[in-house]
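Each remark here refers to the structure printed beneath this line.
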Amino acid sequence: NQSRFLTIAGLCLLSVFLCIPLLAADGEQHKEHHAEKKNVLLRMMDSMMTEMESVPLDASVSGDFLRQMIPHHQGAVEMAEYEIKYGKSPEMIRLARKIVTAQQKEIAEMEAMLKNYPYREGETVPIKYVDAMNKIMMDMMHQTPTDEELKGKNVDCSFAMVMLPHHQAAVDMAMVFLKLEPQSQLVTFAQGIVSDQKKEIEQMQKFIENDCK
């Protein structure tokens with residue numbers, strides 16, 4: 001009887017250990033399934049945030065600004081291309097095409113300008129720049145609609161609602177740069193970002209108020 005009891009106990013214990021990896025695998029599959037169901041524009045934002053966070057920073061505020069603004073612009077282009085492909089609103093599709101044209105041009109300009117600010121490993125990163133950028137990224141995350149808030153919204157409204165805080169972050173990044181580097185050769189470029197994207201923010205705000213109730 002004792003031998004039989006130990007055998008049964010051993011089998012029960014073995015089954016527990018066999019179930020643990022199965023449960024873990026099921027949990028991972030659930031996470032992947034949940035990620036797949038997440039709004040595609042929000043997934044693009046997540047990907048952009050990851051790219052921005054992985055950018056190496058050094059003591060050059062100008063170089064850091066360009067290195068982080070490039071993936072930020074690339075995120076806007078990706079979301080705008082999605083709107084062009086799947087959107088229905090002529091107004092939002094026109095805006096998306098404008099964003100693609102303008103920001104692809106600016107990406108090329110930034111990549112060219114970045115050659116004047118090569119990354120220097122080991123340099124101390126300006127704390128004022130880092131603190132300001134961290135706050136901007138946090139604000140953008142808080143202002144971006146959740147997956148729940150986008151449920152039931154069409155592609156055009158989802159695009160406007162997600163792109164709006166994205167644009168605001170670009171404006172805020174440029175404003176921080178202008179404050180920290182008022183004599184930089186990039187001042188005119190940064191001022192252009194502020195001016196252009198503020199106009200597009202106003203357009204998206206009106207579209208959301210009128211068409212996304």
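All residue numbers in this chain count up from 1 along the given sequence. Because only heavy atoms are used, hydrogens play no part in the values below, and waters and symmetry mates are left out as well, while side chains stay in.
For D156, the salt bridge (Lys or Arg N to Asp or Glu O under 4.0 Å) test picks out no residue, with sequence neighbours left out. Applying the salt bridge (Lys or Arg N to Asp or Glu O under 4.0 Å) test to K88 and every residue at least two apart in sequence or in another chain returns nothing. Judged as a side chain to side chain donor-acceptor pair (under 3.5 Å), and not counting sequence neighbours, the contacts of E109 are K105. Qualifying salt bridge (Lys or Arg N to Asp or Glu O under 4.0 Å) partners for D139, counting only residues two or more places apart in sequence or in other chains: K135.
With rounding to the nearest 0.5 angstrom, the NZ atom of K199 is 13.0 Å from the CG atom of L95. Here CD of E149 is found 10.0 Å from CG of D147. Values are rounded to the nearest 0.5 Å. Between E83 atom CD and R94 atom CZ the span is 11.5 Å, to the nearest 0.5 Å. Going from atom CD1 of I193 over to atom CE of M175 covers 12.5 Å, rounded to the nearest 0.5 Å. Rounding to the nearest 0.5 Å places CD of Q203 at 11.5 Å from CD1 of I201. Atom CD of residue E51 and atom CD1 of residue I70 lie 11.5 Å apart, to the nearest 0.5 angstrom.
Residue-environment remark: CE (M137) exceeds the threshold of 12 foreign heavy atoms within 6.0 Å. Around atom CD of E111, more than 12 heavy atoms belonging to other residues, nucleotides or ligands sit under 6.0 Å away.
Taking 4.5 Å as the limit, every side-chain heavy atom of M113 sits out of range of all side-chain heavy atoms of Q185. A heavy-atom distance below 4.5 Å is found between the side chains of M52 and M173. With contacts defined as side-chain heavy-atom distances shorter than 4.5 Å, the pair V187/P182 does not qualify. Side-chain contact between L150 and L41 is absent, with no heavy-atom pair separated by less than 4.5 Å. Proximity of S89 to F159: side-chain heavy atoms (C-beta onward) are nowhere separated by under 4.5 Å. Counting only heavy atoms from C-beta outward, the side chains of Q68 and L57 approach each other to under 4.5 Å. The side-chain heavy atoms of M49 and M141, taken from C-beta on, include a pair separated by under 4.5 Å.
Annotation for V194 and L178: closest pair CG2-CD1, 4.4 Å, computed over non-hydrogen atoms. Residues M48 and P71 come closest through the heavy atom pair CG-O, 3.4 Å. Taking both residues in full, the closest heavy atoms of L114 and G63 are given as CD1-O, 3.8 Å, listed atom of the first, atom of the second, then distance. V176 and A132 get closest at one heavy-atom pair: CG1-CB, 3.6 Å.
Between E148 and K151 there is a salt bridge, since a side-chain N of the basic residue sits under 4.0 Å from a carboxylate O of the acidic one. Electrostatic pairing of D64 and R67 counts as a salt bridge here, judged by a charged N lying under 4.0 Å from a carboxylate O.
Counting only residues at least two apart or on different chains, no disulfide (SG to SG under 2.5 Å) pair has a member in residues 65-125. The list of disulfide (SG to SG under 2.5 Å) pairs with a residue in residues 92-132, not counting sequence neighbours, is empty. Listed by first and then second residue, the disulfide (SG to SG under 2.5 Å) pairs involving residues 54-93 amount to none (not counting sequence neighbours). Annotation: ring-ring contact (aromatic ring centres under 6.0 Å, His included) contacts involving residues 167-204, sequence neighbours excluded, comprise F65-F177. The stretch residues 204-213 participates, sequence neighbours left out, in no side-chain hydrogen bond (donor to acceptor under 3.5 Å, both in side chains) pair at all. Listed by first and then second residue, the disulfide (SG to SG under 2.5 Å) pairs involving residues 138-213 are C157-C212 (not counting sequence neighbours).
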Between side-chain atoms of residues 115-127 and protein atoms elsewhere (two or more places apart, or another chain), which donor-acceptor pairs fall under 3.5 Å?
from: E123; atom 1: OE1; to: A59; atom 2: N; distance (Å): 3.3

Donor-acceptor contacts, no H, no angles, side chain residues 72-82, under 3.5 Å, sequence neighbours left out:
from: H72; atom 1: NE2; to: H166; atom 2: O; distance (Å): 3.3
from: H73; atom 1: ND1; to: Q103; atom 2: OE1; distance (Å): 3.3
from: H73; atom 1: NE2; to: E106; atom 2: OE1; distance (Å): 2.5

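The main-chain N or O of K98 is never found under 3.5 Å from a side-chain atom of T101 such that the two would form a donor-acceptor pair. When atom types are taken as modelled, the side chain of T144 and the backbone of M140 share a donor-acceptor pair closer than 3.5 angstrom.
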* **side chain to side chain contact (heavy atoms under 4.5 Å, CB included) between L186 and E181, worked out** => CA-CA 9 Å; L186 306 181; E181 294 281 282; over 6 Å; no
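The hydrophobic cluster containing I93 does not contain M44, counting ILVMFWY residues as joined when their side-chain heavy atoms lie under 4.5 angstrom apart, directly or transitively.
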